[in-house]
Amino acid sequence: MKLALTEEQEMLRETARDFLADKCSKQFVKRMEESEVGYSREFWQDMAELGWIGLAFPGEYGGGDMSFLDLAVLLEEMGRACLPGPFFSTVVLGGISILDIGSEQQKQQYLPSLIRGEKIFTLALTEPGHDNYDASSVTVKAARDDGNYTISGTKLFVPDAHIADDLLCVARTKPKGGITIFLVDAKGPGIKYTVLKTMAGDKLCEVVFDQVPVPRANILGRLSQGWSTVQKIIERAAVGKCCELIGNIQRVFEMTVDYAKERKQFDRPIGSFQVIQHYCADMATDVDAARFSTYQAAWMLSEGLPCTKEVAVAKAWVGEASKRVFALAHQIHGAIGVTIEHDLHYYTRRAKAAELSFGDADFYREVLAKEMGF
Amino acid sequence: MKLALTEEQEMLRETARDFLADKCSKQFVKRMEESEVGYSREFWQDMAELGWIGLAFPGEYGGGDMSFLDLAVLLEEMGRACLPGPFFSTVVLGGISILDIGSEQQKQQYLPSLIRGEKIFTLALTEPGHDNYDASSVTVKAARDDGNYTISGTKLFVPDAHIADDLLCVARTKPKGGITIFLVDAKGPGIKYTVLKTMAGDKLCEVVFDQVPVPRANILGRLSQGWSTVQKIIERAAVGKCCELIGNIQRVFEMTVDYAKERKQFDRPIGSFQVIQHYCADMATDVDAARFSTYQAAWMLSEGLPCTKEVAVAKAWVGEASKRVFALAHQIHGAIGVTIEHDLHYYTRRAKAAELSFGDADFYREVLAKEMGF
Amino acid sequence: MDFSFTEEQNRFRKEVRGFLEEEIKRGYWEPTCDAWVQGFDPGFTERVAKRGWIGLTWPKEYGGQDRSHIDRLILTEEMLRYGAPAACHWFGDRQVGGAILSFGSEELKNEFLPRIVKGEAYFGLGMSEPGTGSDLASLQTRAVEDGDYYVINGQKTWTSCASFSEYFDVYVRTDPEAPRHRGISEFIVDAKSPGVSRIPMIDITGTEAWNDVFFDNVRVHKRYLVGEKNRGFYQVLHQLDYERSGMERLMGNYPLFDAIMQFAKENELSKDPVIRSKLAQLQIEFEVGRLLVYRVALVMEEGRAPNWESAMSKAYSTEFEKHVAGVAMEVLGPYGQLKVGSKYIRLRGMALHSYLGSKGYSLQAGTTEILKNILATRRLGLPSS
Amino acid sequence: MDFSFTEEQNRFRKEVRGFLEEEIKRGYWEPTCDAWVQGFDPGFTERVAKRGWIGLTWPKEYGGQDRSHIDRLILTEEMLRYGAPAACHWFGDRQVGGAILSFGSEELKNEFLPRIVKGEAYFGLGMSEPGTGSDLASLQTRAVEDGDYYVINGQKTWTSCASFSEYFDVYVRTDPEAPRHRGISEFIVDAKSPGVSRIPMIDITGTEAWNDVFFDNVRVHKRYLVGEKNRGFYQVLHQLDYERSGMERLMGNYPLFDAIMQFAKENELSKDPVIRSKLAQLQIEFEVGRLLVYRVALVMEEGRAPNWESAMSKAYSTEFEKHVAGVAMEVLGPYGQLKVGSKYIRLRGMALHSYLGSKGYSLQAGTTEILKNILATRRLGLPSS
């Protein structure tokens with residue numbers, strides 16, 4: 001058992017932190033939030049060149065041959081920097097899913113251009129309604145049509161769909177239980193996008209499929225037996241969100257402690273008040289616990305071990321911990337923290353979005369309860 | 001709207017507090033906890049003579065013609081003193097139920113001797129199992145037998161049954177929905193008691209009815225339509241327990257603030273540490289809020305207004321508030337508070353028992369949800 | 001003890017509701033969270049004033065109605081229940097008028113109270129400064145005597161409603177040599193005075209929630225000194241107790257509270273036992289908080305200024321409001337993150353607005369930490385830390 | 001990063017489990033909450049010692065096994081999982097042995113360490129006094145030099161395991177003139193020494209949880225001074241970090257945690273979504289806490305003394321244990337209040353015992369408040385308040 005990063009990971013972290021500090025200023029984040037497209041092509045190419053997009057892919061597809069755990073380190077830094085853009089969609093939702101379940105031919109076809117930064121991917125999973133991440137909530141239909149398929153229906157909260165080249169679309173191929181993942185050309189006919197306006201300024205879209213033809217060869221994984229694969233994608237995504245979240249809360253925790261040391265009231269730093277000290281101590285505990293539980297799940301994913309339980313523990317804990325951390329961070333920062341003149345709001349908004357994504361604490365308590373045999 | 005007691009109530013409170021301070025020492029409480037019988041005949045007679053037992057009953061039965069709200073004041077003081085014995089069982093569960101739904105003949109028959117302190121009553125409602133306070137959980141059966149009834153089955157957690165003269169027994173007279181309350185001679189044939197050993201040292205009993213004959217005249221209220229009456233009894237009992245609880249937590253709050261002022265560590269009173277101050281502030285808020293919500297429900301009961309919602313609010317709030325208050329009280333008292341050398345444990349044990357009685361917070365959140373139309 | 005309202009009070013409540021429902025029916029405005037502080041609607045204020053509902057508790061000689069504090073609480077409770085846009089007159093009605101009434105000269109009372117009552121004088125507060133958050137006594141804005149005038153220089157911040165304010169109630173240092181608490185005075189400053197300027201500040205919800213207000217050699221006549229010179233700190237403490245005392249701390253986001261309950265019902269989310277339990281818990285907390293706020297009004301009704309009682313109700317209530325916003329976001333799930341103007345928006349974006357805005361609820365008008373300090377020392381007599 | 005155990009570690013865990021399961025199967029004892037501190041079973045301690053499981057991390061020259069701190073944590077984790085009666089040797093193994101190892105003379109090491117390892121020397125702690133709770137440096141028990149001896153007078157309290165203790169690790173004032181932190185020394189005192197007496201104290205659960213220990217002119221030879229004279233306060237801080245560092249803070253009531261989960265399943269209470277959610281939440285908190293405790297062992301494995309890391313894990317863990325007890329009481333409903341010996345008792349009364357006992361969990365070995373102070377100052381570098 002080791003809870004420290006390897007030297008290589010530390011280096012990765014440092015490089016990432018430096019690069020993002022340089023290129024991903026809050027001004028940049030703000031610009032991206034306000035822009036319709038939501039990312040910078042140039043920045044995207046930089047990340048491809050740094051090897052970040054391909055980091056966790058095998059060398060044979062042009063990747064960096066590193067692990068999901070290494071990717072976790074990078075995601076944490078991205079969370080710390082509030083990085084906008086389609087990295088998560090392309091890599092965690094798209095690329096790694098293809099790597100995991102795609103045929104050799106599909107991998108050859110999709111991964112190298114993805115890794116080179118030429119293609120943006122995303123996952124079209126959830127739909128209008130209130131029960132997400134449950135097979136029964138998938139109503140978008142892929143009808144068999146002369147050996148191929150035709151997809152119709154509406155997906156909602158699809159990240160970065162408006163800029164994606166390819167979509168992994170989760171669709172129903174049988175009335176009961178028949179879930180299939182399709183690789184869909186995102187620019188093809190019959191697909192319409194509406195970018196929603198969101199708290200975090202990330203680009204979540206409504207995607208309407210109107211009789212979209214998809215060749216049979218674009219089935220990713222097994223026909224009508226895709227739900228267990230979707231669950232694995234959700235697990236990875238949940239852990240990925242945890243990584244971003246620990247980057248968020250780690251930074252906010254540091255900002256808050258610094259502020260408590262600097263800000264004076266009643267002729268003393270507010271960090272000398274016992275109540276503020278205990279708030280900070282509580283934040284420290286939440287942050288460390290969030291980090292350990294996240295990395296435990298990431299490590300298990302990385303090792304290919306079954307980890308439904310550990311993922312549930314991580315996402316449920318990190319979501320709740322994040323709420324507590326932000327409540328205290330705001331309380332300590334006082335009024336300046338609820339203005340846009342201070343950076344805190346970037347984190348507050350993004351962390352809330354991440355907390356809601358891929359299952360909140362209630363969702364994972366239920367997942368865990370099932371795992372416990374309840 | 002008035003949140004203060006009337007002068008008369010203040011006098012009642014003062015008299016009660018003085019009397020209980022004098023007669024109901026913690027040594028006395030301890031003795032009663034340890035004794036099998038659990039109360040003192042002499043003390044009981046004193047309370048009858050003070051008019052406490054009859055306080056909320058009409059003068060025509062020998063009562064004091066005061067209201068349920070006045071009784072609430074007395075119950076609070078009893079909670080403050082950790083009063084042992086069958087007052088609650090006899091008055092709140094027994095007598096007032098008879099007053100509420102008994103026939104004139106039943107009132108004439110039972111109330112005067114109850115009020116004189118000659119008879120002890122209680123309510124046999126709950127049974128082994130985990131769903132209490134729900135009509136469907138009543139399995140004790142009253143079988144029709146030649147115009148009269150024969151009761152069989154087991155009741156559990158019946159307070160003071162071992163010393164009761166009469167029991168209000170809630171029994172099933174029809175397989176579905178048919179709940180009836182019977183007045184049962186507690187000393188009659190076929191009834192067996194086992195006093196359970198409880199945390200609070202109160203006397204909760206298993207009561208086994210083995211073919212206990214009960215005359216038809218002993219039906220209290222309406223045959224097979226008793227559940228709504230039982231619900232009213234539960235509501236009154238819940239509010240009564242809230243009154244005891246606010247007596248508990250008010251006293252514990254005062255003890256704790258006093259201790260925080262006196263106890264020195266690091267050469268200063270611990271009450272000068274900001275964290276301890278905030279703990280005390282939180283306790284003050286919980287105690288005041290508990291008092292207001294309890295008295296609101298008691299006032300509504302007293303006025304004969306429907307108050308399912310207010311009772312639910314009170315019992316749910318007071319139960320949770322009590323948990324928080326005791327957590328902080330113990331934290332501030334430190335080690336001495338978890339010994340039997342300090343009085344705190346009497347309150348800790350009793351408050352927990354009261355919190356569990358007649359519905360906990362989860363139970364009343366569900367009651368309230370139904371009231372809200374959910 | 002008596003938890004009922006008199007028939008007259010019930011009638012008054014009904015009257016207020018009738019008025020507000022009619023307003024909504026006519027499409028004058030729609031229920032909005034934080035409308036008491038962010039809903040600027042001079043027309044609404046005018047209509048409210050016409051009914052005599054501003055300065056309700058003030059003496060008739062200054063245009064008030066001499067009504068009880070319970071009546072006023074009923075009025076504001078209903079305003080908040082319907083999310084009415086009462087920001088123009090709220091500060092004058094709630095606290096500045098009261099401060100003038102308690103400490104001001106006869107001249108000041110006659111100049112301002114009748115105008116506030118008529119909805120013709122909108123007030124903003126000039127308390128906080130960049131360096132003084134909770135530590136109000138450390139304020140640096142200076143006023144120097146110059147003949148019949150004072151000349152004010154400095155900066156105030158976190159001034160709510162400042163864009164609309166016609167006057168500011170400003171606390172300034174008039175004796176820099178005195179101990180910090182004893183050199184502060186209170187002035188009424190006309191916002192149109194030369195040298196007054198405002199810069200809006202955008203909050204986390206994207207709202208122009210506050211202004212920085214700058215005073216550059218602003219000349220104020222001595223008659224606009226409120227109360228005694230150098231006694232301003234004691235006056236501001238008094239005023240803060242009023243600022244904390246009202247139902248707006250519990251019901252600022254009531255439109256959301258109401259809407260999420262309806263939404264859960266209509267979408268059958270309230271059948272989910274976990275959500276059900278959370279919503280019932282909110283209802284419990286609301287009912288309890290309401291009693292704590294009514295207690296404050298009863299204290300005022302006894303002729304006492306609200307003190308630790310308003311510290312308690314405010315600290316409690318803002319936690320409740322934060323809880324409402326948090327639960328609403330959980331119930332809405334991903335829909336909660338949508339902003340006004342987005343497709344698929346739910347509850348007109350109130351959950352998100354309130355969720356983000358609620359981060360400041362427990363900071364305004366005394367942080368929860370300050371309020372708990374007050375409870376510990378003023379109510380419980382614990383020694384200062 | 002690596003969250004796995006080595007094969008050797010897994011084997012060791014299996015070995016410990018096998019041993020404990022065999023013990024239970026033979027009916028030697030049954031799993032009990034708080035058995036690490038209240039389960040006195042000399043036979044068990046002897047059998048554990050025979051396996052070489054006391055002083056596991058100590059150097060071989062003193063009878064130890066020179067094994068890793070992770071191994072020791074695996075050992076104690078399993079002991080706690082099975083609620084094993086390890087109280088006789090726990091204090092010697094956990095901290096007094098370590099203190100002797102870190103600060104004691106060669107003579108002391110040779111006298112005590114091999115005997116602790118053999119399960120032949122049971123230790124109790126003499127730290128707290130009636131006036132010194134969190135403020136340990138204010139202790140009053142005196143030791144006065146008298147030739148080759150020290151003469152000790154005073155009273156210690158909250159001494160766990162004292163009835164069974166053969167030795168006490170006692171902190172006393174040896175220089176009353178020095179600043180309070182600099183006049184304290186540590187001694188090993190034979191409990192059979194003339195002048196040592198004990199009075200049991202009953203806790204809220206009815207257990208004899210502690211003793212007052214009195215020292216009336218107790219003569220202790222100088223060779224029983226541990227470490228340097230007057231450096232005792234620094235030594236006790238070091239020892240406290242060990243006292244807080246272990247899995248016993250998270251798993252003291254694990255038998256209840258385990259039992260309530262089983263009970264909820266068997267009685268289908270786990271089908272109730274509200275209970276289900278509470279129990280899942282407990283599981284989450286347990287898993288997270290376990291990682292915080294393992295982190296402390298990893299710190300020790302690096303050769304560092306546990307510091308704020310054990311403050312963090314202890315503060316977290318005792319809240320978890322209180323939470324377990326509270327939820328268990330809620331799940332059991334009225335059955336939770338039944339005492340051992342009562343008809344209808346559930347889970348052998350563990351919930352009640354733990355519920356009442358848990359009130360002390362966050363007080364022992366540093367209150368949560370002190371631990372958070374430590375975190376704030378030692379880890380975060382916040383200025384002292």
Side-chain angles (χ1 to χ4, degrees), chain B residues 126 128-133 154 156-157 194-202 204-206 263-268 270 273-276 279 319 323 326-327 329-342 344-346 348-349 352-353 355-363 365-366, chain D residues 128 130-138 157-158 180 201-206 209-210 264 267-269 272 274-275 278 319 322 326 329-345 349 351-353 355-364 367-370 372-373 385:
Chain B
T126 58
H130 282 280
D131 269 322
N132 291 305
Y133 311 120
T154 300
L156 196 57
F157 302 114
T194 306
V195 179
L196 307 174
K197 293 184 185 165
T198 64
M199 150 176 67
D202 51 356
L204 301 178
C205 304
E206 177 199 44
R263 169 75 170 173
K264 284 193 180 170
Q265 292 274 275
F266 305 101
D267 295 324
R268 48 194 273 206
I270 60 171
F273 288 97
Q274 196 190 20
V275 161
I276 303 294
Y279 288 175
K323 282 194 247 181
F326 279 94
H330 275 287
Q331 200 60 24
I332 293 173
H333 272 89
I336 192 69
V338 287
T339 67
I340 57 166
E341 291 172 28
H342 191 282
L344 182 55
H345 70 97
Y346 290 102
T348 307
R349 291 183 289 111
K352 189 70 188 171
E355 182 209 323
L356 296 172
S357 296
F358 298 101
D360 65 4
D362 283 329
F363 177 84
R365 275 190 285 263
E366 180 54 31
Chain D
S128 291
T132 70
S134 295
D135 185 11
L136 202 56
S138 68
T157 191
W158 314 123
R180 335 187 304 165
M201 292 170 76
I202 307 300
D203 80 359
I204 190 170
T205 70
W210 312 283
N267 292 274
E268 304 228 319
L269 295 171
D272 174 328
V274 173
I275 290 179
K278 286 182 191 180
E319 278 312 309
K322 289 205 270 187
M329 288 294 277
E330 286 167 27
V331 171
L332 291 178
Y335 296 96
Q337 68 192 309
L338 299 178
K339 285 163 69 167
V340 171
S342 179
K343 200 170 173 183
Y344 291 99
I345 188 101
L352 175 57
H353 173 90
Y355 172 74
L356 293 173
S358 70
K359 301 293 179 193
Y361 290 167
S362 51
L363 301 167
Q364 305 155 357
T367 65
T368 296
E369 291 68 36
I370 293 290
K372 290 185 183 178
N373 291 350
S385 61

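To find a chain, count down the sequence lines: A is the first, B the second, and so on, and within it residues start at 1.
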Notebook entry, point to check: For B/D360 and D/E330, which heavy atoms make the closest approach, and how far apart are they?
Noted result: OD2-O, 4.5 Å
Note to self: Using side chain to side chain contact (heavy atoms under 4.5 Å, CB included), reason through D/W158 and B/V338 one step at a time and then give a plain yes or no.
What the structure shows: CA-CA 11 Å; D/W158 314 123; B/V338 287; 5.8 Å; no
Checklist line | Verdict with supporting geometry, D/I204 and B/H330, side chain to side chain contact (heavy atoms under 4.5 Å, CB included) | finding: CA-CA 11 Å; D/I204 190 170; B/H330 275 287; 4.1 Å; yes
Check: Stepwise, does the side chain to side chain contact (heavy atoms under 4.5 Å, CB included) test hold for D/L338 with B/T198?
Finding: CA-CA 5 Å; D/L338 299 178; B/T198 64; 4.1 Å; yes
Notebook entry, point to check: Can you check whether D/D135's main-chain N or O pairs, donor with acceptor, with B/Q265's side chain at less than 3.5 Å?
Noted result: yes
Next item on the list: Please report the closest heavy-atom contact between B/D267 and D/R180, naming both atoms and the distance.
Entry: OD2-NH1, 3.9 Å
Next item on the list: Among B/T348, B/V195, B/T339, B/V275, single out the residue with the greatest number of heavy-atom pairs under 4.5 Å to chain D.
Entry: B/T339
Next item on the list: Measure the shortest side-chain to side-chain distance between B/E341 and D/M201 over non-hydrogen atoms and say whether it is less than 4.5 angstrom.
Entry: yes
Next item on the list: Go through the atoms of D/S362 and report whether side chain, backbone, both or neither lie under 4.5 Å from a heavy atom of chain B.
Entry: both
Note to self: For D/K372, which atoms come within 4.5 Å of any heavy atom of chain B: side chain, backbone, both, or neither?
What the structure shows: neither
Note to self: Side chains of B/E366 and D/V274, heavy atoms from C-beta outward: is any pair under 4.5 Å?
What the structure shows: no
Checklist line | Heavy-atom proximity to chain B below 4.5 Å, by part of D/I370 | finding: side chain
Check: Which heavy atom of B/T194 sits nearest a heavy atom of D/K343, and at what distance?
Finding: CG2-CD, 4.2 Å
Margin query: Does any backbone or side-chain atom of D/T368 lie under 4.5 Å from a heavy atom of chain B? Answer side chain, backbone, both or neither.
Written below: both
Next item on the list: Of all the heavy-atom pairs spanning D/V340 and B/K197, show the shortest one and how long it is.
Entry: O-CD, 4.1 Å
Notebook entry, point to check: Between D/Y355 and chain B, which part of the residue has a heavy atom less than 4.5 Å away: side chain, backbone, both or neither?
Noted result: side chain
Notebook entry, point to check: Do the rings of D/Y335 and B/F157 sit parallel, tilted or perpendicular, given the 30° and 60° boundaries?
Noted result: perpendicular
Margin query: At a heavy-atom distance under 4.5 Å, which candidate from D/G333, D/G349, D/G360 has the highest pair count against chain B?
Written below: D/G333
Check: Taking all atoms of both residues into account, what is the closest heavy-atom pair of D/M329 and B/L356, and its distance?
Finding: O-CD2, 4.1 Å
Checklist line | Heavy-atom pair with the smallest gap, counting every atom of B/A335 and D/L363 | finding: N-CD1, 4.0 Å
Note to self: In the structure I gave you, are the side-chain heavy atoms of D/E369 and B/Y279 within less than 4.5 Å of one another anywhere?
What the structure shows: yes
Margin query: Between D/N267, D/I202, D/T132, who has the most heavy-atom pairs with chain B when the cutoff is under 4.5 Å?
Written below: D/I202
Notebook entry, point to check: Between D/S138, D/A209, D/P130, D/S134, which has the largest tally of heavy atom pairs under 4.5 Å with chain B?
Noted result: D/S134
Margin query: Which atoms of D/L269 are under 4.5 Å from chain B, going by heavy atoms: the side chain, the backbone, both sets, or neither?
Written below: side chain
Checklist line | pair B/L344-D/K359: side-chain heavy atoms closer than 4.5 Å | finding: no
